[in-house]
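What follows is a single structure, written as structure tokens, with notes after it.
Proteins get letters first, then strands, A, B, ... in listed order; numbering begins at 1 in each. The structure presented is a predicted model; accordingly, all values stated were derived computationally and were not measured.
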2 protein chains.
Amino acid sequence: MGLRERKKEKTRLAILDAALDLFLEQGYESTTVEQIAGAVEISPRTFFRYFTSKDHLVLWFHEHGEQLMVETLRSRPQDEPPFTALMHAVRAVLSDMEDSTEDEHQRFLKLRRILDENPQLIGQSVARGAGTERRLAELVAARRGVDVDTDQLSHLIVAFAMSAMRVGFECPRRDGSMPEITGRMTETIELAERSLRPGWDL
Amino acid sequence: MGLRERKKEKTRLAILDAALDLFLEQGYESTTVEQIAGAVEISPRTFFRYFTSKDHLVLWFHEHGEQLMVETLRSRPQDEPPFTALMHAVRAVLSDMEDSTEDEHQRFLKLRRILDENPQLIGQSVARGAGTERRLAELVAARRGVDVDTDQLSHLIVAFAMSAMRVGFECPRRDGSMPEITGRMTETIELAERSLRPGWDL
DNA sequence: ATGACTTATGGCACACTATGACAGAAAGGT
DNA sequence: ACCTTTCTGTCATAGTGTGCCATAAGTCAT
């Protein structure tokens, strides 16, 4: 990796960390892009070259997770029931979180506190992820051999899976360390699986 | 109702209709508040007194529906299982739609086409409705006699119910008349009810 | 009707997010 | 050193959204 790319990544993380801290200090809404840019000594214009919007700062995580879910779903055996496959995809996101560095964990914990204080941001992630959900529904419909445009169950399967993931993510109990949180998210996933009638997603 | 209030309601609907038509003609993003205000001959400043934001134009419907859900959930017998009560609340929203005027139906159909072309707006409604979902979760937790801050199932029940409603709302098959659509939404609700294990929400 | 009171409106200034265009700085390869 | 590619800052601009104040319109007395 060249100096250029290393510097870029460093700047990206500097922006992210400065922003997360400012959001925690003075709130998401009352923090301006100008302040964030000032804190890392770049111009506001440059900020928008690293993050397409202010939202993007807190949504990069969901974006990454959703992408990972699509990839995992694609790689699961085609004869696996769709909801089961989706739950594996959710678990893949969890594993990815557990395997990341300590710095990433800290960012994640900060992020959770910010999302906790700004619930509308969680919805924003749904807004951003509309395309991803559509793609997941297409993959599920393909597995079930139905047309994604007319089959409601395919959409419902994806919607339930994403609900489980979101509830797990918000998971009550805002404080706590990383293993506590992932453990709790696993519980939520299992709870969702237990709640559904066996074979409902065939 | 005085002249003042009647005039206000008339202006409100004029703005709404002009906006929906402009959105359909030239897209949501490329329509500006200035254009909408111009079409109904009011100042942009006045527009923001009728609708708090541009989003609000397409989200007023969800807002109304969610408020109705909260009210309905409150009025259902306390010993009814929470998910059943929530499904009654969803049906209440459907009935409310069916009972509204022909003009309202037309607005709803236009709105659906706009949301269909701008999926991110559906997510926006989730963002806006974050507070409502929280309130619903509190009501469900109260029914179940648990603490909303620590009980995951209460959140999952609400999330599943809202998922069912959203899937029904987007319901594949974008064309179609009002009774076709509400019929299809009813199907979705029943599908969701069948998918869950009896007694899962106790 | 006239006047007093309340509320709606328009115009103005302003803050913030976001994007396009262009020039100059930094990094890479030769 | 040279040239190319990429990144950065500055400037200009569009669009959303809000506070403030003067004015216009609706409301309600007498």
Side-chain angles (χ1 to χ4, degrees), chain A residues 1-16 18-20 22-23 25-60 63 114 117-118 120-121 123-125 127-128 130, chain B residues 1-16 18-23 25-60 63 114 117-118 120-121 123-125 127-128 130-131:
Chain A
M1 217 206 271
L3 170 60
R4 195 170 247 160
E5 286 177 56
R6 266 181 291 145
K7 195 176 174 184
K8 251 186 110 170
E9 187 58 15
K10 211 173 125 194
T11 307
R12 218 189 72 85
L13 292 177
I15 296 173
L16 192 52
L20 291 178
L22 282 169
F23 292 161
E25 274 173 43
Q26 50 185 29
Y28 176 79
E29 289 297 342
S30 30
T31 302
T32 68
V33 171
E34 202 177 350
Q35 285 179 305
I36 299 167
V40 283
E41 292 175 313
I42 56 167
S43 75
R45 186 68 187 84
T46 299
F47 168 89
F48 286 106
R49 291 197 175 98
Y50 281 89
F51 295 91
T52 54
S53 69
K54 194 177 147 186
D55 299 348
H56 200 198
L57 281 167
V58 297
L59 268 36
W60 105 99
E63 207 167 81
I114 293 164
E117 284 163 16
N118 302 275
Q120 77 286 1
L121 288 175
Q124 292 278 359
S125 79
R128 290 267 180 170
Chain B
M1 220 205 272
L3 170 61
R4 191 172 248 158
E5 287 177 56
R6 264 179 294 143
K7 195 176 173 183
K8 252 186 109 169
E9 187 59 15
K10 213 174 124 193
T11 307
R12 219 187 72 85
L13 292 176
I15 296 174
L16 192 52
L20 292 178
D21 289 336
L22 283 170
F23 291 161
E25 273 173 44
Q26 51 184 25
Y28 176 79
E29 290 296 343
S30 30
T31 303
T32 68
V33 171
E34 202 176 352
Q35 286 178 304
I36 299 166
V40 285
E41 291 176 311
I42 57 167
S43 73
R45 187 67 188 84
T46 299
F47 169 89
F48 285 107
R49 290 199 175 94
Y50 281 88
F51 295 90
T52 54
S53 70
K54 194 177 149 186
D55 298 348
H56 199 199
L57 280 166
V58 300
L59 268 34
W60 104 101
E63 205 167 84
I114 293 165
E117 285 163 14
N118 302 275
Q120 79 285 5
L121 288 175
Q124 292 278 358
S125 78
R128 289 269 180 170

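Taking all atoms of both residues into account, the shortest heavy-atom contact from A:Q120 to B:A127 is O-CB, 3.4 Å. The two residues B:I36 and B:T31 make their nearest non-hydrogen contact at CG1-CG2, 3.9 Å. Heavy atoms only, all atoms of each residue included: B:V40 and B:A14 are closest at CG1-O, 3.3 Å. Across every non-hydrogen atom of B:A39 and B:L22, the tightest pair is CB-CD1, 4.4 Å. Here the closest heavy-atom approach between residue B:D55 and residue B:Q124 is recorded as OD2-OE1, 3.7 Å.
Considering only heavy atoms from C-beta on, A:F51 comes within 4.5 Å of A:L16 through its side chain. B:K8 places none of its side-chain heavy atoms less than 4.5 Å from the side chain of B:R12.
Nucleotide C:dT19 holds its P atom 15 Å from the CZ atom of A:F51, rounded to whole Å. Across the protein-nucleic acid pair, B:R12 atom CZ and C:dT7 atom P stand 20 Å apart, rounded to whole Å. Nucleotide D:dT6 holds its P atom 10 Å from the NZ atom of A:K8, rounded to whole Å. Rounded to a whole Å, the NE2 atom of B:H56 is 12 Å from the P atom of D:dT18. In this structure, the NZ atom of B:K54 is 18 Å from the P atom of C:dT17, given to the nearest Å. Straight-line distance from the CZ atom of B:F47 to the P atom of C:dG10: 13 Å, rounded to whole Å.
Between atom CH2 of residue A:W60 and atom OG1 of residue A:T52 there is a gap of 13.5 Å, rounded to the nearest 0.5 Å.
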Using the 3.5 Å cut-off, write out each protein N or O paired with an N or O of nucleotides 21-23 of chain C and the distance between them.
none

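If B:F48 and A:P44 are placed on DNA chain D by their nearest nucleotide, the residue sitting closer to the 5' end is A:P44.
Note on B:Y50: only backbone sugar-phosphate atoms sit closer than 4.0 angstrom, heavy atoms only; bases stay farther off.
For the 3.5 Å distance criterion, the side chains of A:S53 and A:R128 qualify, holding a donor opposite an acceptor.
The phosphate of C:dT9 has neither OP1 nor OP2 within less than 4.0 Å of any side-chain N or O from B:T46.
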Chi angles and distances behind the side chain to side chain contact (heavy atoms under 4.5 Å, CB included) call for A:F48, A:V33: CA-CA 9 Å; A:F48 286 106; A:V33 171; 3.9 Å; yes
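Of the residues in residues 27-42 of chain A, A:T31, A:T32, A:V33 come within less than 4.0 Å of DNA chain C through at least one heavy atom, sorted by number.
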Sugar-phosphate or base contact per nucleotide [nucleotides 22-30 of chain D; S, B, -; heavy atom under 4.0 Å]: ---BBS---
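Of the residues A:F23, A:Y28, A:Y50, the one that meets the side chain to side chain contact (heavy atoms under 4.5 Å, CB included) test with A:L57 is A:F23.
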